[in-house]
K.L.:
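Quick one: the structure is below, and I'll ask about it shortly.
Computed from heavy atoms alone, side chains included, the values below leave out hydrogens, waters and symmetry copies. For this chain, numbers begin at 1 and follow the sequence in order. In each ligand, atom 1 is the first atom listed, and ligand 1 is the first ligand listed. Remember, it's a predicted structure, so these values are computed and weren't measured experimentally.
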Amino acid sequence: MGADGSKSIKNPLQHKEESRRSSRWRGFLSSLGVSVPSGLHIGPQHMIQDKTTSVPEYVLSSLPGPEKLHMEWNLPAFINMFLPEFPHRSIPGHEHFQILGYVAKGSFGPILKVKDKSKQKTYAVKVIPKSEILRQGVLDQSKEEVIVQRQVRHPFVHDLQDCWQTQHHLYIMCDYCSTGDLYTYWVMIGQFGEDALKVFAAELGSAIGFLHDYGIIHRDVKMENVLLSDQGHLRLADFGLSRRLEHGGRAFTICGTIQYMAPEVLSGGPYSHAADWWSLGILLFALATGKFPVPPESDHCCMLRKVRCFPYDMPRSFSPPFALLLTELLCKTPTRRLRTLERFKRQTFFHGTPFDSQLLQKSPVELILELKKRPDRPAKACRGLALEPFPDFDFDCGFHGDSTSTSAQETLDLAEALDQGQVTSSESLFVA
Ligand SMILES: Nc1ncnc2c1ncn2[C@@H]1O[C@H](COP(=O)(O)OP(=O)(O)OP(=O)(O)O)[C@@H](O)[C@H]1O
C-alpha cells in the first residue's frame, strides 16, 4: 500500500527504475534546498517527510570546511531582505507536502503541483531561487507580487494561499487549477465565438476594474495568466509584474509581454491603469481571430514602431458591437481609451450580460468543459516544452499514464533541465 492508500506491486525492473527516478528526484529536490534522508524513497506515492532544510549539494561541494558552511548557511541578510513579506520557514513549511509533478516552467523557477496531505488539497507552488531575484534586480518586485495578491479577494482573481522563504528559495502557493489556462484552450480551438467572448470579457473586465479600484495595476494581462475554474470561469493570476499605483499615478517601467503591451508602456511611459485595458483588447482580439493584431517583435523598440503604424481596423467578421468594444480598448491615446469598468459595462456588446459575479458564474462555460475532455489537451498544455506525461504521477493536468510514450528517464531529464534553467517558456519582459 502506498502512502496515500494506493496499491503498489513491484517487480525487480520497476524497482530499479524507481531507485533511479528516486535518486534523480533527490538531486532535483536537493538543489531546491529540500533535504531527503538517505533511507527515504521519493516518488509519486511518497510524501517528503523531512522538514529540515539542508545544504544543497552544489554548496557543499564548493565549500572548504565547516566554518564556511556555517557562514553561508546562516547568512541572515539573505533571509532578512525578503522579510516580512516572506516569513522564514524550513521546507516544506507545512505538514507533509507531497510533490505530484510540474505545472510549468515560470520565468524565475518551476511551478510545482503539490498536495497538502493534512488538508487533502492540491496547490500550485512557484519555487523561485533568491539568487535569480537578486541577479535580475527584482527584489522589490518579488515582494510587491505577494503584497498585492494578499490584498485582493475577488471571484475572478486567483487567490494567494501562502508564501514563505527558506535559505535559498521563495515559495508562492496558490490553489491548483486543474482546468489549466486560457492559452491552452485558445491553441486548441484557434478562435472563440462572440458568445463565449462575452462571458470571458465580462469576467476579466470585472477583475481588472476591481484591481484598479484597489489602486493596483496588473501589467501582464495575457492568456497564460488567465486560469480557469472547474466550471470554466476565469481567474486572473500571476501578479509578478503588478504594483500599487494610485489613481492619477504614473509608471515608467517597460514591462509586460511584448505583444500585449500598450504603446505608452513600450515607449517607457508615463503610463497608468489604462495599459491593462489595452492588454485586454489585444487578448480579446487574439481570442476572436486566432492571431495577434501585431505579432511579437524581438525588442520593444521594434514593437513600438509596428504598433504606432498599425491601423487596428477590425475584421469584417466581428459584429459591430464587438468591433466597437475593441476599437475603444485599442485606442492608442490612453486618455481617450476605454479605461473604466463603468464605461466597459455600458458597451452595446454587453447588453443583457449581468456584471454580477454570481450570475456570471451561474452556469458552467460548456465549451471549456467540452474542450477539457479532448485527448489533445495535455499536449497543448505543454506548450511544446516536452512537458510529457508523468507516466505514473498523479498529474491530473490531463495527463494519463502512458508509459510507452514517455519513459520515466525522459521525465527526469526534464526535471533536471528545468532546474538548471535549460528549458525556457516565459515571454514576460521586465526592463527596469
Ligand atoms: N495555480 C495554478 N494552477 C494551474 N496552473 C497554474 C497555476 N499557476 C500557474 N499555472 C500555470 O503555470 C504557468 C506559469 O505561471 P505564472 O504565470 O504564474 O508563472 P511565472 O513565473 O510568472 O511565468 P510567466 O512569466 O510565464 O508568466 C501559467 O501559464 C499556468 O499555465
Side-chain angles (χ1 to χ4, degrees), residues 97 99-116 121-130 132-133 135-136 138 141-146 148-149 152 156-163 169-188 204 218-243 255-261 279 283 296 368 371-372 377-385 387 390 394-399 418-419 421 423-431:
F97 272 138
I99 296 186
L100 302 176
Y102 291 98
V103 177
K105 161 84 176 93
S107 349
F108 293 100
I111 293 141
L112 302 178
K113 181 183 172 187
V114 304
K115 183 165 162 188
D116 185 324
K121 271 201 76 176
T122 309
Y123 297 100
V125 181
K126 220 187 255 196
V127 184
I128 309 172
K130 290 180 185 177
E132 209 37 40
I133 297 282
R135 200 173 61 77
Q136 299 204 24
V138 290
Q141 190 57 49
S142 68
K143 293 176 165 192
E144 191 72 4
E145 173 169 1
V146 294
V148 163
Q149 213 176 347
V152 292
F156 302 125
V157 173
H158 198 48
D159 287 349
L160 174 76
Q161 288 298 333
D162 199 2
C163 66
H169 291 85
L170 303 179
Y171 296 81
I172 299 176
M173 186 166 93
C174 296
D175 285 337
Y176 175 72
C177 293
S178 66
T179 310
D181 60 39
L182 191 54
Y183 180 85
T184 302
Y185 294 91
W186 179 63
V187 172
M188 287 173 77
L204 269 185
H218 186 280
R219 299 201 291 189
D220 205 12
V221 174
K222 61 175 176 178
M223 292 178 217
E224 295 89 326
N225 289 341
V226 176
L227 300 174
L228 294 147
S229 72
D230 292 347
Q231 298 297 300
H233 291 281
L234 308 192
R235 304 277 181 270
L236 182 59
D238 190 2
F239 286 76
L241 295 180
S242 60
R243 59 163 283 193
C255 66
T257 298
I258 206 153
Q259 62 273 40
Y260 291 89
M261 284 156 75
S279 305
L283 182 147
I368 296 290
L371 290 170
K372 188 179 174 184
R377 187 174 78 92
K380 296 290 194 295
C382 292
R383 317 265 201 276
L385 278 177
L387 264 174
F390 279 63
D394 169 21
F395 195 50
D396 74 12
C397 180
F399 293 146
L418 276 164
D419 193 40
V423 182
T424 56
S425 72
S426 170
E427 287 146 18
S428 293
L429 271 185
F430 194 100
V431 187

K.L.:
I'd like to know if the side chain of Asn225 reaches the main chain of Asp220, judged simply by a donor and an acceptor atom lying under 3.5 Å from each other, with no hydrogens or angles considered.
P.N.:
yes
K.L.:
Backbone or side chain, does any N or O of Cys177 fall under 3.5 Å from an N or O of ligand 1?
P.N.:
yes
K.L.:
According to the interplanar angle, ranging from 0 to 90°, do the rings of Phe239 and His218 count as parallel (below 30°), tilted (30 to 60°) or perpendicular (above 60°)?
P.N.:
perpendicular
K.L.:
Donor-acceptor pair, Arg235 side chain versus Leu227 backbone, under 3.5 Å?
P.N.:
no
K.L.:
Between the side chain of Thr122 and the main-chain N/O of Lys115, is any donor-acceptor distance below 3.5 Å?
P.N.:
no
K.L.:
Using a strict 4.0 Å cut-off to heavy atoms of Glu224, name the atoms of ligand 1 that fall inside it.
P.N.:
28 (C), 29 (O)
K.L.:
Geometry only, no angles: is Asp220 polar-contacting ligand 1 at N/O separations under 3.5 Å?
P.N.:
no
K.L.:
If I apply the N/O under 3.5 Å rule, does Ser107 come out as touching ligand 1?
P.N.:
yes
K.L.:
Out of all atoms in ligand 1, which are within 4.0 Å of some heavy atom of Asp181? Include the element for each.
P.N.:
28 (C), 29 (O), 30 (C), 31 (O)
K.L.:
Is His158 near ligand 1, meaning one of its heavy atoms is under 4.0 Å from it?
P.N.:
yes
K.L.:
So, Asp238 and Lys222, do they make that salt bridge, N to O below 4.0 Å?
P.N.:
no
K.L.:
I need the contact type for Leu227 against ligand 1. Using non-hydrogen atoms and a strict under-4.0 Å cut-off, is it side chain, backbone, both or neither?
P.N.:
side chain
K.L.:
If you count the atoms of ligand 1 from 1 in the order shown, which ones are under 4.0 Å from a heavy atom of Ala104?
P.N.:
12 (O), 13 (C)
K.L.:
For the backbone of Tyr260 and the side chain of Ser279, can you confirm whether one donor and one acceptor N or O come within less than 3.5 Å of each other?
P.N.:
yes
K.L.:
Suppose I only count heavy atoms of Ile111 and a 4.0 Å limit; which atoms of ligand 1 are within that range?
P.N.:
12 (O), 14 (C), 15 (O), 16 (P), 19 (O)
K.L.:
Check ligand 1 against Gly106 and write out every atom of the ligand that is under 4.0 Å from a heavy-atom position of the residue.
P.N.:
20 (P), 21 (O), 23 (O)
K.L.:
Any donor and acceptor pair, going by atom type alone, linking the side chain of Gln141 with main-chain N or O of Arg243 inside 3.5 Å?
P.N.:
no
K.L.:
By number and element, which atoms of ligand 1 are closer than 4.0 Å to a non-hydrogen atom of Asn225?
P.N.:
17 (O), 27 (O)
K.L.:
When you look at Asp175 and Lys121, which way does the salt bridge (charged side-chain N to carboxylate O under 4.0 Å, His left out) test go after all the steps?
P.N.:
CA-CA 8 Å; Asp175 285 337; Lys121 271 201 76 176; 3.1 Å; yes
